2 protein chains.
Amino acid sequence: MGKQMTEMLKGTLEGIVLAVLTGNPAYGYEITTLLRAQGFPDIAEGTVYALLVRIEQKGLVDVEKRPSEKGPPRKVYTLNAQGKKELDEFWNTWSFLSERLEELRKGGK
Amino acid sequence: MGKQMTEMLKGTLEGIVLAVLTGNPAYGYEITTLLRAQGFPDIAEGTVYALLVRIEQKGLVDVEKRPSEKGPPRKVYTLNAQGKKELDEFWNTWSFLSERLEELRKGGK
DNA sequence: ACTGGTAGCTAGTAACACTGAGTAGTGGAG
DNA sequence: CTCCACTACTCAGTGTTACTAGCTACCAGT
């Protein structure tokens, strides 16, 4: 993946995953394939799992273990209240940055 | 500054500075105050200088030393051809990410 | 002499995504 | 029955980045 993209994902990937989790609980493998399907560049599996561990430790999601028809049991992540709050903040931060960037792009001849 | 913003700036701050440099050469101190004036959160001076060193080593800018009326000589940075190319790539990456995020925001019920 | 504004620089730290590997469980093809 | 593909998760190590918290240095005004 491009180095630029890699760096730009820092700080946004977490928000992306939280956004994906909004309304529909999901497990790691599912999220990874979902992101790839939605056009996101090749997200490494390891990256997603590490991120999930992080947001779990931050208490942004609830975790439930469910048996799978295929393979080992899944860890299903559900966005909780604190996670929603974090997601709101994420959108605020994103909007701010996005607006500034758009201004720069216009002004930058 | 917010931790979220800090992480989100990773990868974008370089593009921001390159964009600022488009059309008008500037020196470090100037860029710092400019960014702050343009509404960007408290960018640390040290951050800007470190970034300038980086883009200089990458060969994205030309540097010229000019005496200042006030204080030590200024290092004026000018965007060169390679820098413009990098900036174009930055906008591409940014656009891609931005579109995906907007979709997520809408779809995110 | 001293303060404040200008201008640049540096070492150390924390956070994050990636790489590349590994461990398991299940079901189907041969 | 064995091998392989898919599912699902885990982990150690790496590179990049922005921040913190300082420092040096020059000049003008008080």
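What you see is a predicted model; the values in this text were computed from it and never measured. Throughout, protein chains are lettered first and strands after them, A, B, ... in sequence-line order, and every chain is numbered starting at 1.
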Q. D:dT17 C1' sits how many Å from A:Glu7 CD, rounded?
A. 6 Å
Q) If an axis is fit to five pairs at each end of the helix from C:dA1-D:dT30 to C:dG30-D:dC1, what is the angle between the two, to the nearest 10°? A) 10°
Q) Taking the side chain from B:Asp62 and the backbone from B:Leu79, do they hold a donor-acceptor pair closer than 3.5 Å? A) no
**Q.** Under 4.0 angstrom between A:Tyr49 side-chain N/O and D:dT10 OP1 or OP2
**A.** no
Q | Candidates C:dC18, D:dC19, C:dA24 - which lies nearest the side chain of A:Ile43 | A | C:dC18
Q. When you check the gap from the basic side-chain N to the acidic O, do B:Glu14 and B:Lys58 get nearer than 4.0 Å?
A. yes
(Q) What I want to find out is whether B:Arg105 reaches B:Glu102 closely enough, with some N-O distance under 4.0 Å, to be called a salt bridge. (A) yes
Q. Does A:Lys3 make a side-chain N or O approach to OP1 or OP2 of C:dC18 shorter than 4.0 Å?
A. no
Q) Between C:dC18 atom P and A:Arg36 atom CZ, what is the distance in whole Å? A) 10 Å
Q: Would you kindly give the CD-to-C1' distance between B:Glu14 and D:dT16, to the nearest whole Å?
A: 11 Å
Q: Using a 4.0 Å heavy-atom cut-off across all strands, classify B:Leu13 as base, sugar-phosphate, or nothing.
A: sugar-phosphate
Q.
On DNA chain C, does the nearest nucleotide to A:Gly46 precede the nearest nucleotide to A:Thr12 from the 5' side, or the other way round? Give the residue.
A. A:Thr12
Q: Please determine if a side-chain N or O atom of B:Arg54 lies less than 4.0 Å away from the OP1 or OP2 oxygen of D:dT16.
A: no
Q.
What is the separation between atom CZ on B:Arg74 and atom P on C:dC9, rounded to the nearest whole Å?
A. 14 Å
Q: Can you tell me the distance, in whole Å, between the NZ atom of B:Lys65 and the C1' atom of D:dA25?
A: 12 Å
Q: Would you state whether a donor and an acceptor, one from the side chain of B:Lys70 and one from the base of D:dA28, lie under 3.5 Å apart?
A: no
Q) Pick the nucleotide of DNA chain D nearest each of A:Lys10 and A:Thr47; which residue has the one closer to the 5' end? A) A:Thr47
Sequence neighbours excluded and cut-off under 3.5 Å, please list the side-chain donor-acceptor pairs for residues 43-53 of chain B, or say none.
residue: B:Tyr49; atom: OH; partner: B:Tyr29; partner atom: N; Å: 3.4

Q) Hey, is the main chain of B:Gln38 close enough, under 3.5 Å, to the side chain of A:Arg100 for a donor-acceptor pair? A) yes
Q) Do A:Glu7 and A:Lys10 meet the salt-bridge criterion of a basic N to acidic O distance under 4.0 Å? A) yes
Q) Whole-Å distance between D:dT10 C1' and A:Glu45 CD? A) 11 Å
Q. Is the closest basic N to carboxylate O distance between B:Arg66 and B:Glu64 below 4.0 Å?
A. yes
(Q) Output the rounded distance in Å from OH (B:Tyr29) to P (D:dA25). (A) 19 Å
Q.
Using whole Å, what does the distance between atom C1' of nucleotide C:dC18 and atom CG of A:Leu9 come to?
A. 11 Å
Q. Which nucleotide sits closest to the side chain of A:Tyr27: C:dG8, D:dA8, C:dC16?
A. D:dA8
